[in-house]
J.: 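I have a structure here, written as structure tokens, and I will follow up with some questions on it.
The structure presented is a predicted model; accordingly, all values stated were derived computationally and were not measured.
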Amino acid sequence: MRLLISRFIAILILVFPGLVAMKGFLMMKDDIFDYYSMHGDDSLTPVFAWLHFGGGLVLFAAGMTFLGGWILTRDRKRNYVGPRFREKQKAEESTP
């Protein structure tokens, strides 16, 4: 039972940043669509919502950074990464 609960918590830890990244992507997509749709209406002056777009960009970047770091750490533990992404080994200090 304990293993089941710990796996469920691990899934929640992965799902939450994924949802945050998805929300950020949707915010950016909606702002771009709204800006382009304003060009078709002559009664409106097109104004881009930079603050809303920037918030979406921050949410997207934060969620994707967390997920990318999680995957890189897991792959390093299992030795699935190429030589470029392996951790640098510390030089052993030689004692005279």
Side-chain angles (χ1 to χ4, degrees):
M1 185 68 172
R2 186 174 212 165
L3 181 65
L4 182 67
I5 291 172
S6 65
R7 286 184 182 236
F8 181 71
I9 291 171
I11 292 293
L12 286 179
I13 290 172
L14 286 176
V15 166
F16 184 70
L19 291 175
V20 168
M22 179 192 67
K23 178 63 177 170
F25 177 78
L26 291 176
M27 287 169 63
M28 292 188 299
K29 177 190 67 84
D30 289 342
D31 288 333
I32 291 171
F33 177 79
D34 289 341
Y35 179 70
Y36 281 125
S37 67
M38 283 184 211
H39 283 289
D41 191 2
D42 293 333
S43 65
L44 294 175
T45 304
V47 177
F48 193 73
W50 285 106
L51 188 61
H52 197 256
F53 184 83
L57 183 64
V58 168
L59 286 175
F60 180 73
M64 293 310 293
T65 301
F66 182 85
L67 290 174
W70 181 288
I71 292 169
L72 181 63
T73 302
R74 184 198 58 171
D75 287 351
R76 278 183 178 166
K77 285 181 185 177
R78 296 179 183 182
N79 204 16
Y80 289 161
V81 295
R84 177 180 174 187
F85 295 107
R86 289 197 179 117
E87 290 185 18
K88 307 286 188 253
Q89 294 182 357
K90 296 179 183 175
E92 294 182 24
E93 295 179 19
S94 59
T95 56

J.: Give a yes or no on whether Leu51 atom CG has more than 12 heavy-atom contacts from other residues, nucleotides or ligands under 6.0 Å away.
T.: no
J.: Answer yes or no: is there a side-chain heavy-atom contact under 4.5 Å between Ile71 and Arg74?
T.: yes
J.: Please report the closest heavy-atom contact between Ala21 and Gly63, naming both atoms and the distance.
T.: CB-CA, 4.0 Å
J.: So does Tyr80 get a backbone contact from the side chain of Asp75, meaning a donor-acceptor N/O pair under 3.5 Å?
T.: no
J.: How many angstroms lie between CD1 in Ile5 and CZ in Arg2, if you round to the nearest 0.5 Å?
T.: 8.5 Å
J.: Just to verify, which of Met27, Lys29, Met28 counts as forming a side chain to side chain contact (heavy atoms under 4.5 Å, CB included) with Phe53?
T.: Met28
J.: Can any side-chain N or O of Arg76 pair as donor or acceptor with the backbone N or O of Val81 at less than 3.5 Å?
T.: no
J.: To the nearest 0.5 angstrom, please state how far the CG atom of Leu72 sits from the CD atom of Glu87.
T.: 8.5 Å
J.: Would Leu14 end up clustered with Leu4 when hydrophobic side chains under 4.5 Å apart are linked, directly or stepwise?
T.: yes
J.: Taking OH in Tyr36 as the centre, count heavy atoms belonging to other residues, nucleotides or ligands within less than 6.0 Å. Is the count above 12?
T.: no
J.: Within a strict 4.5 Å, meaning less than it, do heavy atoms of the Phe60 and Val20 side chains meet?
T.: no
J.: Heavy atoms only: give me the nearest Asp31-Ala49 pair and the separation to one decimal.
T.: OD2-O, 3.8 Å
J.: I'd like to know if Ile32 and Leu57 are part of one continuous hydrophobic network [Ile/Leu/Val/Met/Phe/Trp/Tyr, side-chain heavy atoms within less than 4.5 Å].
T.: yes
J.: With side-chain contact (heavy atoms from CB on, under 4.5 Å) as the test, would you mind laying out the steps for Met38 and Thr45 before giving the verdict?
T.: CA-CA 7 Å; Met38 283 184 211; Thr45 304; over 6 Å; no
J.: Other residues, nucleotides and ligands only: do more than 12 of their heavy atoms fall within 6.0 Å of CZ on Arg7?
T.: no
J.: Give, for atom NE2 of His52 and atom CG of Asp30, the distance between the pair rounded to the nearest 0.5 Å.
T.: 7.5 Å
J.: Is it possible for you to say whether Phe25 and Trp50 belong to one hydrophobic cluster, with membership spreading through side-chain heavy-atom contacts below 4.5 Å?
T.: yes
J.: Any link between Met22 and Phe33 through a network of hydrophobic side chains (Ile, Leu, Val, Met, Phe, Trp, Tyr) touching at under 4.5 Å?
T.: no
J.: Does Ile13 reach the side chain of Phe66, with side-chain heavy atoms less than 4.5 Å apart?
T.: yes
J.: Indicate if Phe16 and Phe8 have the same hydrophobic cluster label, given that clusters are the connected sets of ILVMFWY residues with side-chain heavy-atom separations under 4.5 angstrom.
T.: no
J.: Ignoring hydrogens, what is the shortest heavy-atom contact between Gly18 and Leu67? Give both atom names and the distance.
T.: CA-CD1, 3.9 Å
